[in-house]
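Here is the structure we will look at, set down as structure tokens.
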Amino acid sequence: MSSIANVQELIAKRAASELKGPSVVNLGIGIPTLVAKYVKDELIHFHTENGLLGVTDVEEADPNLVNAGKLPVGEQVGAAFFSSAESFGMIRGGHIDVAILGALQVDETGRIANWAIPGKNIIGVGGAMDLLVGAKKVIVTTSHLTKGGKSKLMKACTFPLTSTRSVDMIITEMAVFSVLNEQLVLTELMPGVTLEQVRKNTEAQFVEGGFSS
Amino acid sequence: MSSIANVQELIAKRAASELKGPSVVNLGIGIPTLVAKYVKDELIHFHTENGLLGVTDVEEADPNLVNAGKLPVGEQVGAAFFSSAESFGMIRGGHIDVAILGALQVDETGRIANWAIPGKNIIGVGGAMDLLVGAKKVIVTTSHLTKGGKSKLMKACTFPLTSTRSVDMIITEMAVFSVLNEQLVLTELMPGVTLEQVRKNTEAQFVEGGFSS
Amino acid sequence: MVGGFGLVGAPLTLIEGLTRKDLNELTIISNNLGEAGEGLGVLLRQRKIRKAIGSYFTSNREVGEAYQRGEIDLQLLPQGTLAESMRAGGAGIGGYYTKTGVGTELALGKEIREINGEPYLFEQALRADVALIRAHKADTLGNLIYYKTARNFNPVMATAADLVIAEVDEIVGVGELSAEEVVTPHLFVDRLLVAEKILTKEGVVYR
Amino acid sequence: MVGGFGLVGAPLTLIEGLTRKDLNELTIISNNLGEAGEGLGVLLRQRKIRKAIGSYFTSNREVGEAYQRGEIDLQLLPQGTLAESMRAGGAGIGGYYTKTGVGTELALGKEIREINGEPYLFEQALRADVALIRAHKADTLGNLIYYKTARNFNPVMATAADLVIAEVDEIVGVGELSAEEVVTPHLFVDRLLVAEKILTKEGVVYR
């Protein structure tokens, strides 16, 4: 398999192909941030929870124009700025069509853990819990395995859950899963990956959908 | 006693003299609306709950620039417009220094009834309840007597209360009362009015403060 | 939901559209029901309104008359509670506690909770299937700005309905509204139309 | 309360003032505690902070270290809950119900209520004695407008403290800000000062 960067781009590109305008999309930190550059549809508008609808690629970095990962971004023609209170009103209130998030772990009902690692000094949750309860559709993008080679798609998460809500889709460098009735359904193998490889590298139970490799 | 219009102007003028800048003042419908023209202090800013801080006298009537009584008003230099949700956030949140309200009845603990008359088709409350719980200071301006000659300052209100909160001051064409520890305290006789007249025309029990006529 | 404070900031063209449609048993959430025979007052005369939720029906005396005749249900809320309940509905808040109304007739049947030693009333969020709102300018994406006190309930209603239709004075190109001054970002707005019926000094006219 | 999303939109001049003052045992409500040795991170190193309420302390690894050493109390809230609790505190709402966090570790000890068949968490309002905020321009009355994503928590904090001090790029004359574009009306603002320490592409500098 290719380098980490290549894997991330592969996943981001696949996630981008799920987006159809008109829609409002919130991108999380990490792989999700990479999704934007593969989106050409002008009817797709990116929302960032720190207060901007209409995020674009950065042209000239402005330290006061950043996304939720505090990276410099640009502003689309037709954009709007607003406060954090209004921004999370949009999120909780169901006004975001799609959230693309990263995950540390996914359980076999499609619930994710992406905000805390027991025993580590990571004391932050940010907007992850809000996006999970509020976005109409949630897509998770993540590498299939941890750095240590273990499956991130597990029977049960060992890290604290971000929400009781199951996500709608999981995209890794090996496969794409839909979550139907709190069950993972394999719907697609990524190029060059075999069903056997996915089985071997996935701890979570999953159903094989009618997919094409 | 003079005409109704004169009585109202007298009360409004007296109420105006209570205001000291810098402060933010909300004026109710009726007599309170008349208060503004007696205020010259530029540090007094008028708020109207339908969404404007910086109400002034109307210069040229604009049908889309009105106060809470739907009367045309003007906009001060340095004004700001906002939504009803934000406006009542200001009111409930304690950001209004003084509310001047009308009343149908006042009880002897200083609580008022000003939104409903049993048996009459008056089905409206507007912002009265919000102003009573939120404004730091509430001044009531009202004629001392009903059209039928009965005292509006009563032992107990027969109309439904607007709030359990006592107002801070009551100004009529006969006298000024402060409310201290839920008790009416007569602090001032209006010009030409005797203590005996106030006693005779006031059903509510009140304490005589150290006033000058 | 129908925006406006009386006729000020009310979507008069959209309301007229409603009067021409064969719709009945409507529940209307609006501060008032217009004036007698104007704005939502026309729908009232047509008996298309089953229930109204608002704060000040007094501005149209026909509302009280219809209520006495049993033709309409009314739910009266303090104006701040009306606005806040819509704000909650639009922002994913299920309900909230306010001091407004505690101890009054409008608190009857409502839960009271003490918070930091003071009594508060529980109020539920309000949402609607459709919000008809009035703004000043829209860009073609649906970003909105408002005009003076015609803003009132419109921005909050824009957040609290499944379908949001905005009637505006003018539709401008994308980029003509400053990103800093947009009041209602386009994600809240589903449809736009240009107002044909407007409020002027001479009353309601077709333009 | 201290505005900003990390250093973006943080009142850096006011924070520096705090570092020079003999204040201790502070409770800070802010999304983050700055970065290591920058912004509120300086106050942390000075051990002036007893407790912090925020959503993302991860951006300053020294927060976690201080927490492990028992030098600081932390209250972690989802970012939307942090913002909404301040909004409630500023708007006279005692508490509210949100779905965010239901069923997670952050819901431990919090009341759950079912509304329309779905579980919600009760969250209390947040208020502060003082809010230090950052805006772009103020007029001399105290009306404020903001700059791009430096807006973030600043407008909501402006509503939720007894004393609100705003640090701005520029103070302009009354009338220079349009009444339609003011984001924070002057009734929320008590004091103004012009920023001396600002965030640039090259980091935090004196201007």
Extract the chain C to chain A donor-acceptor pairs under 3.5 Å, no hydrogen or angle test applied.
residue, atom, partner, partner atom, Å
C:Gly90, O, A:His95, NE2, 2.9
C:Ala91, O, A:Arg92, NE, 2.8
C:Ala91, O, A:Arg92, NH2, 3.2
C:Asn143, ND2, A:Gly78, O, 2.8
C:Thr159, O, A:His95, NE2, 3.0
C:Ala179, O, A:Phe81, N, 2.9

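- Only the side chain of A:Ile96 comes within contact range of chain C, judged by heavy atoms closer than 4.5 Å.
- Among the candidates C:Pro185, C:Gly142, C:Gly173, the residue making the largest number of heavy-atom pairs closer than 4.5 Å to chain A is C:Pro185.
- Chain C forms the most heavy-atom pairs under 4.5 Å with one residue out of A:Gly94, A:Gly134, A:Gly93, and that residue is A:Gly93.
- The local environment of CZ in A:Phe159 is crowded, with over 12 non-hydrogen atoms from other residues, nucleotides or ligands closer than 6.0 Å.
- The number of heavy-atom neighbours closer than 6.0 Å to CD of C:Glu196, taken from other residues, nucleotides and ligands shown, is 12 or below.
- Other residues, nucleotides and ligands contribute over 12 non-hydrogen atoms within 6.0 Å of the CZ atom of C:Arg113.
- Counting all heavy atoms, side chain and backbone alike, A:Val24 lies closest to C:Leu187 at CG2-CB, 3.7 Å.
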